[in-house]
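To start, the structure under review is shown below, and the notes come after it.
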2 protein chains.
Amino acid sequence: MDFPSFLTSLATSFILFVILMFLFTWLSRKSGNAEVYYPNRILKGMNPVEGGYMTRNPFAWMREAISSSETDIINMSGVDTAVYFVFLATALGIFVFSGIVLLPVLLPVAATDHTIRTVNTTSKGTFNELDNLSMGQVGNSGARLWAFIVATYWVSIVSYLSLWRAYKHVAELRAKALMSPEVRADQFAILVRDIPPVSESQSRKEQIDSYFSAIYPETFYRSMVVTDNKKVNKIYEELEGYKKKLERAEAIYAESKNTKPDALKPSHKTGFLGIIGEKVDSIEFYNDKIKELIEKLEAEQKVTLKEKQQSSALVFFNSRVAAASASQNLHAPIVDTWTVIDAPEPRQLIWTNLSKKFYERIIRQYVVYAVVFLTIFFYIIPIGFISALTTLDNLVKLFPFLKPVVKLEVVKTVLEAYLPQLALILFLALLPKFLLFLSKAEGIPSESHVTRAASGKYFYFTVLNVFIGVTLGGTLFTSFKSIEHDPNSIFRVLAKSLPQNATFFLTFVALKFFVGYGLELSRIVPLIIFHLKKKYLCKTEAEIKEAWAPGDLGYATRFPNDMLIMTIVLCYSVIAPIIIPFGVVYFGLGWLLLRNQALKVYVPSFESYGRMWPHIYTRMIATLILYQVTMLGYFGVKKFKPTPVLFPLPIISLIFAFICQKKFRRFFTSPALEVVSHELKEVPNMEIVYRSFIPPCLSAGKPDEHQFEDALSHVSKTGSSSV
Amino acid sequence: MDFPSFLTSLATSFILFVILMFLFTWLSRKSGNAEVYYPNRILKGMNPVEGGYMTRNPFAWMREAISSSETDIINMSGVDTAVYFVFLATALGIFVFSGIVLLPVLLPVAATDHTIRTVNTTSKGTFNELDNLSMGQVGNSGARLWAFIVATYWVSIVSYLSLWRAYKHVAELRAKALMSPEVRADQFAILVRDIPPVSESQSRKEQIDSYFSAIYPETFYRSMVVTDNKKVNKIYEELEGYKKKLERAEAIYAESKNTKPDALKPSHKTGFLGIIGEKVDSIEFYNDKIKELIEKLEAEQKVTLKEKQQSSALVFFNSRVAAASASQNLHAPIVDTWTVIDAPEPRQLIWTNLSKKFYERIIRQYVVYAVVFLTIFFYIIPIGFISALTTLDNLVKLFPFLKPVVKLEVVKTVLEAYLPQLALILFLALLPKFLLFLSKAEGIPSESHVTRAASGKYFYFTVLNVFIGVTLGGTLFTSFKSIEHDPNSIFRVLAKSLPQNATFFLTFVALKFFVGYGLELSRIVPLIIFHLKKKYLCKTEAEIKEAWAPGDLGYATRFPNDMLIMTIVLCYSVIAPIIIPFGVVYFGLGWLLLRNQALKVYVPSFESYGRMWPHIYTRMIATLILYQVTMLGYFGVKKFKPTPVLFPLPIISLIFAFICQKKFRRFFTSPALEVVSHELKEVPNMEIVYRSFIPPCLSAGKPDEHQFEDALSHVSKTGSSSV
């Protein structure tokens with residue numbers, strides 16, 4: 001890509017962003033769109049237009065975002081979201097402080113060095129005006145390279161300090177959330193798995209209750225045996241489906257009666273897709289079905305509770321300290337039995353994974369790792385194809401009918417600027433679902449953990465395939481032989497290929513923030529979908545609510561995508577410091593924009609009290625080390641004699657990471673007792689705590705509270721007696 | 001070494017053993033020797049000659065040893081000793097079951113193959129009658145090699161089964177010990193280190209007490225701040241020294257008064273070694289000194305308790321479950337503060353290490369590892385020298401005056417048989433003290449842990465230097481180049497050198513068990529030392545008791561030495577199956593003999609409830625993998641095509657080790673709550689538990705119990721109030 005097409009790409013991106021922002025200002029003022037632009041506020045029962053940002057000022061939301069405090073974020077969107085902002089702020093801080101020193105120092109150093117300009121200008125089409133400002137411009141083994149060595153150290157030191165502060169801050173956030181005086185059900189429960197087979201004379205419930213009440217005679221409250229809910233859940237979902245259909249049919253009927261009082265009752269055919277089969281009165285049919293299913297559900301609930309008990313249980317304690325302590329203790333001398341972890345929130349529990357056995361989980365984990373490994377390394381082939389295909393010349397060759405379009409100068413420039421990046425972004429959109437599925441298949445018991453696991457896989461995928469894959473690109477196969485001989489040479493090859501791809505990545509980052517964030521803020525797609533659904537599909541209140549349900553921030557892909565940008569900017573920070581402002585804009589704009597989204601739009605689907613952080617941290621360190629090793633390789637290519645002064649950097653990074661993990665890590669897996677021993681504002685109602693963990697499929701269909709007690713009594717009798 | 005000298009060595013060893021055994025039978029019957037042969041029984045207050053083994057039957061002790069149960073061992077010598085016997089029995093079992101199959105199958109296979117006899121007989125002096133029975137005898141790539149492949153698998157499978165059974169059994173032993181209804185002080189305490197700096201308004205004691213009573217309001221008993229006892233300990237030891245001297249002087253005086261009533265009071269000079277200086281009346285002088293030191297000690301005790309408090313403490317709980325749980329919990333959100341481990345027994349505590357800081361401990365550990373690494377790899381040079389020097393010819397060259405002695409045929413044969421082995425054994429005797437010192441320098445808080453750490457270091461030292469070092473021996477330097485090119489080739493070189501050293505190791509093992517165990521059983525050296533001391537040095541009862549104090553089994557060197565034998569026998573088991581009976585005799589005789597010693601002689605100096613086991617286990621697995629890789633190399637050297645069928649073995653071993661560690665390991669670091677929640681036979685007297693942890697230098701010199709309370713009140717006041 002040459003310089004003009006780079007500028008075109010930047011300009012078009014920016015114009016698109018400005019358009020989208022004004023669109024947002026205009027659209028978000030219309031009250032009919034409030035459900036799209038303020039769903040979080042609406043769900044929290046707040047007035048969406050409160051605070052006077054229904055003004056015409058297109059920057060009002062920015063003021064709002066900037067003035068919001070971390071506490072606001074935690075209240076509106078939880079600790080996990082606040083941790084995400086700590087991450088954004090850390091990345092932003094690293095780039096701002098790096099830029100303050102690197103831009104005024106390195107750009108002049110590079111721009112005023114003319115040693116290799118004459119040599120390079122004619123070589124390769126990649127050399128352009130941007131390269132004037134990059135390290136490629138500086139002569140090999142010149143004294144000016146010392147400035148770049150110092151810059152490499154400066155960026156590392158800034159990173160260490162920012163990461164240290166961030167880790168400490170996140171630990172404080174987590175501590176504050178865990179010591180909150182609010183009663184949170186998950187803080188009173190632990191998840192016990194791998195319970196040994198029950199003896200003949202006991203029920204599973206008795207076994208568990210007698211075990212824990214012997215160890216914790218004073219603090220054990222009761223237990224809930226995990227059951228195999230597959231069948232009961234299926235019936236429950238069927239029932240819910242019919243309930244919705246009934247509501248819908250009634251709404252349609254009411255509506256049609258409004259227009260003409262003698263309207264027919266709605267009817268449908270019972271066969272395939274409602275096209276064939278007997279025609280029935282919908283309302284009556286659904287009512288019958290529901291009645292039938294409720295009976296079936298109740299019967300199945302009884303069977304499930306009695307006969308489908310698994311070797312896992314949720315165990316409840318009447319104090320936070322007791323539960324936190326129990327979740328960390330070894331209970332049985334055979335370590336792979338009675339394994340415990342602290343219970344996740346009820347809404348995060350993945351019931352189907354709760355009863356997976358110890359070694360089954362380990363084997364599943366390794367199988368999934370192997371699959372992910374294969375995915376990462378065999379996707380590199382399609383990526384290579386795509387980047388080869390998506391040059392304009394190749395496209396014209398493949399699809400000759402495109403020729404007249406491509407001949408237009410404007411179209412050509414835009415296409416040349418965007419095609420490869422678009423292909424890449426599209427390609428990456430296919431993956432997250434697959435990785436989430438894989439992570440779930442590992443047997444992880446909570447949604448937040450699945451998200452963390454998927455996010456890690458996605459990170460390695462993007463960094464390896466996008467960053468390293470694209471950089472090495474064509475050179476990969478030619479340089480494959482040299483890598484085979486000496487695996488370390490991959491860093492040398494990487495370093496060699498880096499400058500050639502600087503503009504590609506500049507465009508990539510710019511596209512990401514202008515277009516990506518523009519779409520994010522304006523919410524054009526959800527808006528259109530919502531209005532279409534509302535107009536043509538939704539008949540009941542519940543259906544409308546479903547149509548605007550905003551979802552959460554989507555950490556599984558959001559973090560790795562941000563990490564990819566961070567990796568790119570960090571690795572280029574010294575080689576082509578001009579990329580730093582792009583990084584600053586990406587993380588600055590991201591911070592601002594997502595602040596708005598977190599406060600008004602997205603609703604978190606779980607709360608893990610910042611457990612994501614150590615994973616983000618590890619990846620940031622990995623990125624930092626990749627940067628340092630790349631710089632080592634790059635200086636090596638330059639044949640700069642004092643290159644070895646950079647050798648300590650990766651080692652320092654490893655020591656730094658080691659100390660940070662020693663100092664903070666364990667608190668993110670085990671709740672510290674000091675923290676949870678803070679007093680609660682009220683004595684917890686253990687019955688409510690216990691009930692909140694009963695899955696809907698087991699508690700539903702019981703309008704009468706007393707009857708419900710009966711149905712559960714098979715398993716909870718001994719529990720109550722031991723209280 | 002040729003075949004006759006091998007037989008000579010075996011025969012002399014055996015004769016020596018028989019002589020030592022009869023000596024033992026004769027000496028142990030004399031009642032004056034009871035303190036040397038039955039000290040453990042005497043210290044336990046039992047009658048040494050009980051049970052009728054004061055017979056003339058030299059095998060009576062064997063009957064006694066065989067008929068003793070594991071419970072007897074645990075009662076007399078503790079769980080650690082019982083675990084040691086599990087180890088011996090496991091090794092014995094592996095070799096017995098291997099031998100049952102390997103000896104009748106492999107020996108005929110080897111002996112009846114004549115393919116390479118003609119080629120080899122004249123080559124190298126190492127070929128001898130023994131080689132007829134070894135794998136070296138079997139032709140390369142012959143079908144007979146399949147028998148050896150199967151044998152390799154058989155030995156591995158036998159090892160897996162034995163190790164699995166052993167691990168399970170040891171876990172049960174540990175569980176049984178931990179759930180014992182006896183009150184054991186260490187089960188009620190935890191060691192807290194890295195306590196953050198104390199604020200101005202609080203004392204250290206208040207800080208700790210308020211911290212733990214907030215988290216454990218019902219189970220926290222009190223705390224004991226760790227103090228810097230260096231100075232007070234010095235005074236205490238000086239005082240004890242003078243007390244002993246006084247006792248001695250009084251004993252001498254009483255004795256001399258018995259012979260002549262007007263005897264002079266003993267006197268000595270106060271200067272250097274009692275040779276120069278003023279002459280004083282000893283009894284008076286010592287009395288004055290003691291009085292003076294007691295005052296000094298009391299003053300120093302007060303200063304220590306008040307001003308020398310460190311950032312560590314022992315924290316006591318009034319239930320075993322509470323202490324066990326507290327020792328596993330994370331307490332503070334900053335993980336490197338308030339770190340906890342379960343307290344070791346009071347007698348094992350290394351007070352000087354208790355206050356070492358978190359990162360100091362880590363740094364010390366790595367420094368020690370580096371030192372050990374250097375020690376292991378630079379001792380290889382002296383060992384090379386020694387094995388080159390100790391050939392007879394070289395000795396004669398160096399010390400020409402030996403020539404006439406060496407010319408005698410008998411002397412020559414014996415010398416040739418023993419010299420290299422003796423040099424090696426002597427050399428190895430120098431090391432353990434150094435390794436114990438290094439392990440202590442790591443900052444480990446308990447003696448048992450130091451022993452474990454030293455034992456690990458010694459194991460790697462012996463295996464690397466003795467086994468691999470001697471095997472490669474001379475070939476090491478010649479084959480250094482090929483190793484440098486391809487580090488994996490070390491196994492090939494090792495495999496090549498193995499058969500040449502078979503007889504050396506056979507002799508080494510035989511020497512170890514016949515002479516080593518002969519000396520062990522007969523206790524000639526301790527006997528002579530005891531009688532000399534008793535006759536010429538000891539004047540008081542305490543001094544005599546000190547003279548026969550038996551010490552413990554000395555795990556730090558005993559385990560690695562046994563492991564070395566196990567490594568040797570295992571690695572040769574298939575190559576030269578004739579070594580298996582030697583291994584069986586070593587471990588069988590060892591089991592028998594040490595059973596006797598454990599029951600009657602040695603007194604354990606600590607009890608770690610079998611914590612040594614996971615370390616032994618890891619080393620046994622390491623040995624097994626070394627064996628498997630060596631066999632891979634050996635078959636590779638034989639150019640046997642189906643060698644790759646052995647590839648799965650090391651991988652299976654790793655998976656097996658992984659599963660075992662997952663299943664059992666954590667129980668050896670954390671006490672399982674299920675186990676410690678068993679009821680005690682009495683309510684523990686917490687005051688006694690607490691007091692047992694006060695080091696003698698702080699509790700001594702206080703005849704009046706009340707006064708003692710006063711002295712400690714500075715630190716324990718708040719503690720008592722929070723109970």
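Numbers restart at 1 for each chain; the letters A, B, ... are given by sequence-line order, proteins then strands.
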What do you reckon, is [atom1] of [X] surrounded by more than 12 foreign heavy atoms closer than 6.0 Å?
{"X": "B/K356", "atom1": "NZ", "answer": "yes"}
{"X": "B/Y359", "atom1": "OH", "answer": "yes"}
{"X": "B/E682", "atom1": "CD", "answer": "yes"}

B/E674 side chain to A/I215 main-chain N or O, any donor-acceptor pair under 3.5 Å?
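Not confirmed, B/E674 side chain does not pair with A/I215 backbone.
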Measuring heavy-atom distances to chain B, does A/F212 have an atom under 4.5 Å in its side chain, in its backbone, in both, or in neither?
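Looking at A/F212, nothing touches chain B.
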Scored by heavy-atom pairs under 4.5 Å with chain B, the best of A/I659, A/T337, A/V676, A/V335 is A/V335
Mind ranking A/S325, A/S670, A/A171, A/A175 by heavy-atom pairs under 4.5 Å with chain B and telling me who comes out on top?
A/S325
Looking only at heavy atoms, which two atoms of [X] and [Y] are closest? And how far apart?
{"X": "A/A214", "Y": "B/S677", "result": "O-CB, 4.2 Å"}
{"X": "B/A672", "Y": "A/A332", "result": "CB-C, 3.5 Å"}
{"X": "A/F664", "Y": "B/I334", "result": "CE2-CD1, 3.6 Å"}

Side chain, backbone, both or neither: which part of [X] has a non-hydrogen atom closer than 4.5 Å to chain A?
{"X": "B/Y167", "answer": "neither"}
{"X": "B/E218", "answer": "side chain"}
{"X": "B/F668", "answer": "neither"}

Scan B/R666, B/K663, B/R665 and name whichever one has a salt bridge (Lys or Arg N to Asp or Glu O under 4.0 Å) with A/D336.
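In the set B/R666, B/K663, B/R665, the residue that makes a salt bridge (Lys or Arg N to Asp or Glu O under 4.0 Å) with A/D336 is B/K663.
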Can you tell me which of B/H678, B/Q328, B/K662 forms the most heavy-atom pairs within a distance under 4.5 Å of chain A?
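When all of B/H678, B/Q328, B/K662 are compared, B/Q328 has the most.
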Would you indicate whether the side-chain heavy atoms of B/L330 and A/F667 approach each other to under 4.5 Å?
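Side chain of A/F667 against side chain of B/L330, heavy atoms only: contact under 4.5 Å found.
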How would you list, in number order, the residues of residues 360-371 of chain A that have a heavy atom less than 4.5 Å from chain B?
A/I362, A/Y366
